[in-house]
Amino acid sequence: MRTAMLDDAFSHHVWATRRLIGACAELSPKQLETSVPGTYGSIVETLRHLVDTDAWYAYRLNGEPSRFLSAEAFGFSELHAAMEGAATAWSRVLATDPDPGALVVGIADDGTEVYWPTSIRVAQALHHGTDHRSQICTALTTIGVVPPAIDVWDFAEQDGRLATVPSPAP
């Protein structure tokens with residue numbers, strides 16, 4: 001796998017999630033319970049699911065134990081810390097230059113074994129994050145909160161890797 005490209009993809013993934021966590025930390029408990037039809041659940045449930053699942057995906061690829069957050073232990077500092085841990089876990093995964101075709105086994109709730117190529121697991125982790133961040137941003141807009149700028153262009157600009165050159169005067 002080309003880790004440099006994936007490093008950027010996962011750096012954005014973690015940055016965008018942490019930025020969204022920060023924005024949601026400013027919400028009231030009532031706002032955090034906002035749910036929009038067609039999305040995973042409330043803002044807080046979706047955020048917790050996003051962070052927990054990200055840790056689980058990284059765990060499946062690197063064998064390190066993940067720290068799942070229970071509903072009782074939910075807090076924004078824990079979510080920030082979990083995503084910081086995710087950044088480290090994803091860096092370790094990518095540093096091993098995993099074989100894209102290597103199979104990763106998962107066990108379904110009913111005991112069924114499921115096998116995915118590593119490349120599919122990596123793609124799913126990125127897709128999952130993008131999908132749920134989008135759902136949270138949709139929920140934010142329904143309560144009149146402007147979501148934070150979290151797309152890849154925003155990440156590149158914040159990271160100093162997006163340059164604009166004004167067009168010459170006519």
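When reading the values below, keep in mind they use all heavy atoms of this one structure, side chains included, and skip hydrogens, waters and symmetry mates. Please read all numbers here as calculations on a predicted model, not as lab measurements.
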Fill in: side chain to side chain donor-acceptor pair (under 3.5 Å) partner of H13, the single match among T130, D8, D54
D54
Discussion item. With side chain to side chain donor-acceptor pair (under 3.5 Å) as the test, pick out the partner of R133 among T46, T17, T138.
Written reply: T17
What are the two closest heavy atoms between [X] and [Y], and how far apart are they?
X    : Y    : result
R19  : A149 : NE-O, 2.9 Å
W90  : L61  : CZ3-CD1, 3.7 Å
T118 : P98  : CG2-CB, 3.9 Å
R121 : W56  : NH1-CZ3, 2.8 Å
C24  : I136 : SG-CG2, 3.9 Å
I43  : A139 : CG1-CB, 3.6 Å

Between [X] and [Y], is there shared hydrophobic-cluster membership here, with clusters defined by ILVMFWY side-chain heavy atoms closer than 4.5 Å?
X    : Y    : value
V152 : L126 : no
V51  : V14  : yes
V44  : M83  : yes
L47  : V145 : yes
I150 : V146 : no

Fill in: Minimum side-chain heavy-atom gap Y115-V104 below 4.5 Å
no
Worksheet item: Quick one: does Y40's side chain get under 4.5 Å of L50's, heavy atoms only?
Response: no
Discussion item. Is the distance between the ring centroids of H128 and H49 under 6.0 Å?
Written reply: yes
Worksheet entry | Residues H12 and D151: side-chain donor-acceptor under 3.5 angstrom | no
Would you find a donor on one side and an acceptor on the other, under 3.5 Å apart, between the side chain of [X] and the backbone of [Y]?
X    : Y    : answer
H132 : H127 : no
T34  : Q31  : yes
E33  : K30  : no
E26  : A23  : no
D159 : R161 : no

Can you tell me how far the [atom1] atom of [X] sits from the [atom2] atom of [Y], to the nearest 0.5 Å?
X    : Y    : atom1 : atom2 : value
L162 : W153 : CG    : CH2   : 7.0 Å
L6   : L94  : CG    : CG    : 5.5 Å
N62  : S91  : CG    : OG    : 11.0 Å
L20  : L140 : CG    : CG    : 6.5 Å

Item to complete: Step by step, work out the side-chain contact (heavy atoms from CB on, under 4.5 Å) result for S42 and L32.
Response: CA-CA 7 Å; S42 71; L32 287 169; over 6 Å; no
Item to complete: Would you sort out whether W15 and D154 count as a side-chain contact (heavy atoms from CB on, under 4.5 Å), showing the intermediate values?
Response: CA-CA 10 Å; W15 172 85; D154 297 314; 3.9 Å; yes
Discussion item. For a side-chain contact (heavy atoms from CB on, under 4.5 Å) check, start with the C-alpha distance between D99 and S119, then their side-chain angles and the critical distance, and finish with the verdict.
Written reply: CA-CA 8 Å; D99 175 2; S119 60; over 6 Å; no
Fill in: Stepwise side chain to side chain donor-acceptor pair (under 3.5 Å) test for Q124 and Y57
CA-CA 9 Å; Q124 172 58 21; Y57 285 145; 3.1 Å; yes
Discussion item. Can you confirm whether D109 is buried at CG, in the sense that more than 12 heavy atoms of other residues, nucleotides or ligands lie under 6.0 Å from that atom?
Written reply: no
